[in-house]
Amino acid sequence: QVQLVESGGGLVQAGDSLRLSCAASGRPFSSSAMAWFRQVPGKEREFVSAISNSGRNINYANSVKGRFTISRDNAKNTVFLQMNRLKPEDTAVYYCAARSVGLGYPTGVVGGYDYWGQGTQVTVSS
């Protein structure tokens, strides 16, 4: 069974940093692009960042560019999201996602991902 488990969320103040991790199990994701999305109640799930299977191609939403950094460790089947200079508007549930085997392009489209984690809450106070 495929599982994506996020960790690292929490309550921080504006300007602080957090590092999210997503551990994948059940199959190797080294051939799949992976991504982070976020969602607040009443709004659609929003793209944050995605990374190709090799790690060479990366996309960011404009709202996080320059503050967030995505990375992956294929040997550990894990993807990370380093979030710096956090703002109150970054408050959301953050979800890890993975594409199907062989789909290495880091799309920002929700429908491009087949596997999702349960999410981790990030709250940034002003």
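Worth saying up front: this structure is predicted, and the values here are computed from it rather than measured.
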- Report yes if some heavy atom in the side chain of Val79 is under 4.5 Å from a heavy atom in the side chain of Ile70; otherwise report no. yes

- Which atom of Val40 lies closest to which atom of Ala92, heavy atoms considered: CG1-CB, 3.7 Å

- Can you find a side-chain donor-acceptor pair between Thr78 and Asp73 that sits under 3.5 Å? no

- Query: Got Tyr60 and Thr69 here, is their nearest side-chain heavy-atom distance under 4.5 Å?
  - Reply: yes

- Message: Would you say Val93 ends up clustered with Val48 if hydrophobic residues are merged whenever their side chains have heavy atoms under 4.5 Å apart, either directly or through other cluster members?
- Response: no

- Which pair of non-hydrogen atoms, one from Phe80 and one from Ser21, has the smallest distance, and what is that distance? CD2-OG, 3.4 Å

- Query: So do Tyr113 and Met34 actually touch side chain to side chain, heavy atoms under 4.5 Å?
  - Reply: no

- Task: Of all the heavy-atom pairs spanning Leu4 and Cys96, show the shortest one and how long it is.
- Result: CD1-O, 3.8 Å

- Any chance you could lay out the side chain to side chain donor-acceptor pair (under 3.5 Å) test for Asn53 and Ser32, step after step, and finish with the verdict? CA-CA 5 Å; Asn53 53 338; Ser32 305; over 6 Å; no

- Less than 4.5 Å apart, any side-chain heavy atom of Gln82 and any of Ser71? no

- Message: Rounded at 0.5 Å granularity, tell me how far CZ in Arg38 sits from NZ in Lys43.
- Response: 9.5 Å

- Contact check, side chains of Phe68 and Leu81, non-hydrogen atoms, under 4.5 Å: yes

- Message: Can you give me the closest heavy-atom contact between Pro106 and Ser52, atom names plus distance?
- Response: CB-N, 3.7 Å

- Item | Reported CZ-to-CD1 distance for the pair Arg72 and Ile51, which is rounded to 0.5 angstrom | 6.0 Å

- Check the hydrophobic clustering (I, L, V, M, F, W, Y; side-chain heavy atoms under 4.5 Å; chains of links allowed) and say if Tyr94 and Trp116 are grouped together. no

- Task: Please name all residues satisfying salt bridge (charged side-chain N to carboxylate O under 4.0 Å, His left out) with Arg85, sequence neighbours left out, ordered by chain then number.
- Result: none

- Item | Check: Arg99 side chain, Asp114 main-chain N or O, donor-acceptor pair, under 3.5 Å | no

- Task: Might you work through the side chain to side chain contact (heavy atoms under 4.5 Å, CB included) test for Phe37 and Val110, ending with a clear yes or no?
- Result: CA-CA 8 Å; Phe37 290 78; Val110 170; 3.6 Å; yes

- Ring centres of Trp36 and Phe47 under 6.0 Å apart? no

- Query: Of all heavy-atom pairs between Pro88 and Ala14, which one has the smallest distance, and what is that distance?
  - Reply: CD-CB, 4.1 Å

- So how far is it from Leu20 CG to Tyr95 OH, rounded to the nearest 0.5 Å? 13.0 Å

- Find the distance between OG (Ser17) and CG (Leu86) and round it off to the nearest 0.5 Å. 6.5 Å

- Task: Drop me the distance from Ser25's OG to Gln3's CD, to the nearest 0.5 angstrom.
- Result: 4.5 Å

- Task: Answer whether the closest heavy-atom distance between the side chains of Val122 and Leu18 falls below 4.5 Å.
- Result: yes

- Message: For Tyr115 versus Ser100, what's the shortest heavy-atom pair and its separation?
- Response: CE1-CA, 4.3 Å

- Rounded to the nearest 0.5 angstrom, the CG-OG1 distance for Asp90 and Thr123 is 11.0 Å

- Donor-acceptor pair, Gln39 side chain versus Glu46 backbone, under 3.5 Å? no

